[in-house]
Undergrad: 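Just passing along the structure, written as structure tokens.
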Amino acid sequence: MQTVRQLTELREAIGAYREAGESVALVPTMGALHDGHMALVEAAKRAGSRVAVSIFVNPIQFGPNEDLAKYPRREQADSRMLAGAGIDLLWMPPVEVMYPEGFASKVSVSGISEVLDGAHRPGHFDGVATVVTKLFNQVQPQVALFGEKDWQQLAVIRRMVADLDMPVEIIGVPVQREDDGLALSSRNAYLMPEDRARAIALPRALGAAERTISEGGDVEAALAQARETLAAAGFEVDYVTLTDAETLGDPVPGRPRRLLAAASIGGTRLIDNIPVA
Ligand code: PAF
């Protein structure tokens, strides 16, 4: 595994792959890697002949009152995990390489970035779209893999890639879960044991709502029940909602639907989602 931190070294490595006729699959991450990321890496190995992983805690996707300063950073452990998984390239640019002085551009995907998490985290998806565009331009992958846990992020990136004719195939990888159902997330590390125990209410509430809705039950009642269950478990609920899976607008008969939730427990904000038949 080659670890690079400067654009010149990155371009050399990518140029050599291209000359050898290799295809590159990119897994963009913010580090603090867990089995969810490793599932992306395994899918990337099947999708390209070379696998590149980026680790960059992207300051412009964090709001002023969010967890940028305390976001877990575990460079050495991450690096060992990736080397063990047999990836080819680790791209770890310092912040001044990603955003040099005078940086002034922004990629913004309207509509889909403004609802749900976008409404609760203004500017978040502009930060994501901007850094993902930069990562695509830097690494020039043929394929890029993202976790379905961040369903809205995946939908925003798919919209952006289609709108801007970016020559990269986007693959979504299903949510990876703990044995009790909690979706894997780097932010789970913030949960105190008591909150970790209560956090299973989130996948359970989604599962119960999904069953009611797919059996033809009342959607609003199912969503209200899920919100109540979460509040009773100690969550502060941002949203529990049923949307069109692709546009995140209102569900449309005959099209895939997705149940999405965001809620905080003990100051940690968790998100989760599941498909609804
Ligand atoms: O999902 C993440 O870890 C980040 O939002 C991403 C896609 C790496 C952009 O910083």
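When a ligand or atom number is given, it counts from 1 through the structure's own listing order.
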Undergrad: Which of the atoms in ligand 1, numbered in the order shown and given with their element, are less than 4.0 Å from a heavy-atom of Pro28?
TA: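 Taking each heavy atom of Pro28 in turn, ligand 1 has 8 (C) under 4.0 Å.
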Undergrad: Should the ring pair Phe146 and Phe136 be called parallel, tilted or perpendicular, given that the plane angle runs from 0 to 90° and is split at 30 and 60?
TA: perpendicular
Undergrad: More than 12 heavy atoms of other residues, nucleotides or ligands under 6.0 Å from CG of Asp35: yes or no?
TA: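 At most 12 heavy atoms, drawn from other residues, nucleotides or ligands, come within 6.0 Å of this atom.
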Undergrad: What atoms of ligand 1 come within less than 4.0 Å of a heavy atom belonging to Thr29?
TA: 8 (C)
Undergrad: Say you draw a straight line from OG of Ser105 to NZ of Lys134; how long is it, rounded to the nearest 0.5 Å?
TA: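 Here the interatomic distance stands at 8.0 Å.
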Undergrad: On a heavy-atom basis, I'd like to know which of Met30, His37, Gln61, Met98 is closest to atom 9 (C) of ligand 1.
TA: Gln61
Undergrad: Side chain or backbone of Leu135 under 4.0 Å from ligand 1, or both, or neither, by non-hydrogen atoms?
TA: neither
Undergrad: Salt bridge check, Asp78 against Arg74: does any charged N sit closer than 4.0 Å to a carboxylate O?
TA: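 Looking at Arg74 and Asp78, the cut-off is not met.
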Undergrad: Quick one: does any side-chain atom of Arg73 pair with a main-chain N or O of Tyr71 as donor and acceptor, under 3.5 Å?
TA: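 Present.
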Undergrad: Mark up the atoms of ligand 1 that fall under 4.0 Å of a heavy atom belonging to Val131, in ascending order.
TA: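 In order of number, 9 (C), 10 (O).
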Undergrad: Kindly confirm or rule out an N or O of Gln153 lying under 3.5 angstrom from an N or O of ligand 1.
TA: yes
